[in-house]
Amino acid sequence: MDRLRFAIRDPKARADVEDNFRKTIGQLLGGAAVLIGAALAYVQFTQQQQTSQRQFTEQQQASRELLISNQVAKGFEQLGSDKVVVRLGGIYALEGVMNASEQYHQPVLEALCAFVRDGTRTETGDGPPTTDIQAALTVIGRRAAIGTGRVDFANAHIPKAQLYRANLSGADLSGANLSGALLGGANLGGANLSGAILIGATVSQAQLEEACGIDVKLDPGLTMKPCQK
């Protein structure tokens, strides 16, 4: 303003310039205030959106976990039914959970293995497994590799079981009756076959070399190495 007094001698003209200068400064300050307010509003909006998204995700996760929990409970209940079609429904419902949830993979696998063991405990014949037992065997054999659960068919009576290309890696097959079972292509790596019966089973020496066990009943020409302690 002091410089304007020397540059513009006319008082009226100088007053007009000074007035315009003050208006321009005011507009700049007002614009800056608007921009700052808009930026703060945007930051607040973004934070609210992130919070809402996080809450929505948490609600979705909680709903999913509740749904899975209900499916597991319903599946376990169906396994105890006296109707085979209901038991089959429970087996396939549990398969969906086992292959989709790492949290429930092992508990469901253990339950299905127990279903096989308990369902064949009193069997003595050489016939194939019942429809529901075979369904459980199939579901277990083709399970997704998303958990660390181990197959436990110890002392199960499942002659002529269809276990083609089944995943039996690390399985406890001790004392299991697998006579005449279809085991072609099955993964027996690390499986314990101590005391198992495999007479007439479709299994190769190469598969048996991946497993171990003592007192295993095999067809002539097949051998089994003992398990290391």
Side-chain angles (χ1 to χ4, degrees), residues 75-95 98 106-143 149-227 229:
F76 286 167
E77 179 183 345
Q78 290 176 310
L79 286 183
S81 173
D82 57 355
K83 297 180 179 180
V84 65
V85 67
V86 177
R87 294 197 297 273
L88 287 172
I91 290 168
Y92 292 122
L94 289 173
E95 178 183 21
M98 180 173 62
Q106 182 170 340
V108 170
L109 176 60
E110 291 175 353
L112 291 175
C113 288
F115 177 77
V116 171
R117 295 193 308 271
D118 293 345
T120 62
R121 179 176 298 170
T122 59
E123 296 292 332
T124 57
D126 57 0
T130 59
T131 302
D132 52 343
I133 294 297
Q134 181 58 60
L137 292 172
T138 301
V139 164
I140 292 169
R142 69 185 181 201
R143 70 192 183 283
R150 186 181 68 150
V151 174
D152 183 359
F153 289 157
N155 299 311
H157 186 85
I158 46 177
K160 296 183 173 64
Q162 301 294 312
L163 291 167
Y164 176 70
R165 302 190 70 175
N167 178 10
L168 299 175
S169 175
D172 183 358
L173 300 172
S174 58
N177 187 335
L178 290 162
S179 58
L182 178 59
L183 290 165
N187 182 357
L188 296 175
N192 183 353
L193 288 161
S194 295
I197 303 173
L198 277 79
I199 297 175
T202 304
V203 63
S204 67
Q205 181 60 44
Q207 287 174 280
L208 294 176
E209 289 175 357
E210 298 294 324
C212 67
I214 59 174
D215 299 327
V216 186
K217 294 180 174 59
L218 300 167
D219 286 333
L222 297 176
T223 59
M224 174 72 68
K225 67 178 182 292
C227 296
K229 295 182 180 181

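Computation of the quantities below employed the complete heavy-atom set of this structure, encompassing side-chain atoms and omitting hydrogens, waters and symmetry-equivalent molecules.
- To the nearest 0.5 Å, atom CG of residue L168 and atom CG of residue N192 are 12.5 Å apart.
- Under the 3.5 Å distance criterion, the side-chain polar atoms of Q162 are left unmatched by any main-chain donor or acceptor of Q134.
- Here the shortest heavy-atom pairing between G125 and P159 reads O-CG, 3.8 Å.
- Here the side chains of L79 and I91 are in contact, with some heavy-atom distance below 4.5 Å.
- Within a 6.0 Å sphere centred on NZ of K217, heavy atoms belonging to other residues, nucleotides or ligands number 12 at most.
- One N or O on the side chain of N167 and one on the backbone of S169 form a donor-acceptor pair closer than 3.5 Å.
- No more than 12 heavy atoms of other residues, nucleotides or ligands sit less than 6.0 Å from atom CZ of R165.
- Between the side chain of S81 and the backbone N or O of R87, no donor-acceptor pair lies under 3.5 Å.
- In this model, no donor atom of one side chain and acceptor atom of the other lie less than 3.5 Å apart for E123 and T120.
- Here the side chain of D219 pairs a donor or acceptor atom with the backbone of G200 at under 3.5 angstrom.
- Shortest non-hydrogen contact noted between A201 and L183 is CB-CD1, 4.3 Å.
- Between the CG atom in L198 and the CG atom in L222 there is a gap of 8.5 Å [rounded to 0.5 Å].
- Within the 4.5 Å cutoff, the side chain of T202 has no heavy atoms near those of the Y164 side chain.
- V139 has its side chain out of reach of L94: every pair of non-hydrogen atoms, C-beta onward, lies at least 4.5 Å apart.
- Using a 4.5 Å heavy-atom cutoff, the side chains of L163 and L178 are in contact.
- Minimum interatomic distance between A211 and A191 (heavy atoms only, all atoms of both residues): CB-O, 3.4 Å.
- In this structure, E210 contributes its side chain and N187 its backbone to no donor-acceptor pair below 3.5 Å.
- A 4.5 Å side-chain heavy-atom check between M98 and L112 finds at least one atom pair inside the cut-off.
- Side chain of R150 to main chain of D172: no donor-acceptor pair is present (N/O by atom type, distance under 3.5 Å, no hydrogens or angles).
- Inspection of the S179 and N177 side chains reveals an N or O donor paired with an N or O acceptor under 3.5 Å.
- Remark: the backbone N or O of A186 is paired with a side-chain donor or acceptor of Q207 at under 3.5 angstrom.
- You'll find the side chain of R143 stays beyond 4.5 Å of the side chain of V108, heavy atoms only.
- Between G213 and C227, the closest heavy-atom pair is N-SG, 3.5 Å.
- Summarising the local packing, CG of D126 is surrounded by 12 or fewer heavy atoms from other residues, nucleotides or ligands at distances under 6.0 Å.
- Remark: side-chain polar atoms of K225 are paired, donor with acceptor, to backbone N or O of E209 under 3.5 angstrom.
- Across all their heavy atoms, Y92 and A135 have their closest contact at OH-CB, 3.6 Å.
- Using a 4.5 Å heavy-atom threshold, the side chains of L208 and V216 count as separate.
- Note that CG of L182 and NZ of K160 are 12.5 Å apart. Values are rounded to the nearest 0.5 Å.
- Two residues are said to be in side-chain contact when any heavy atoms from C-beta on lie closer than 4.5 Å; D152 and E110 fail this criterion.
- A distance of 12.5 Å separates CD in Q78 from CG in D132, rounded to the nearest 0.5 Å.
- In this structure, L218 and T223 approach most closely via the heavy-atom pair CD1-C, 3.8 Å.
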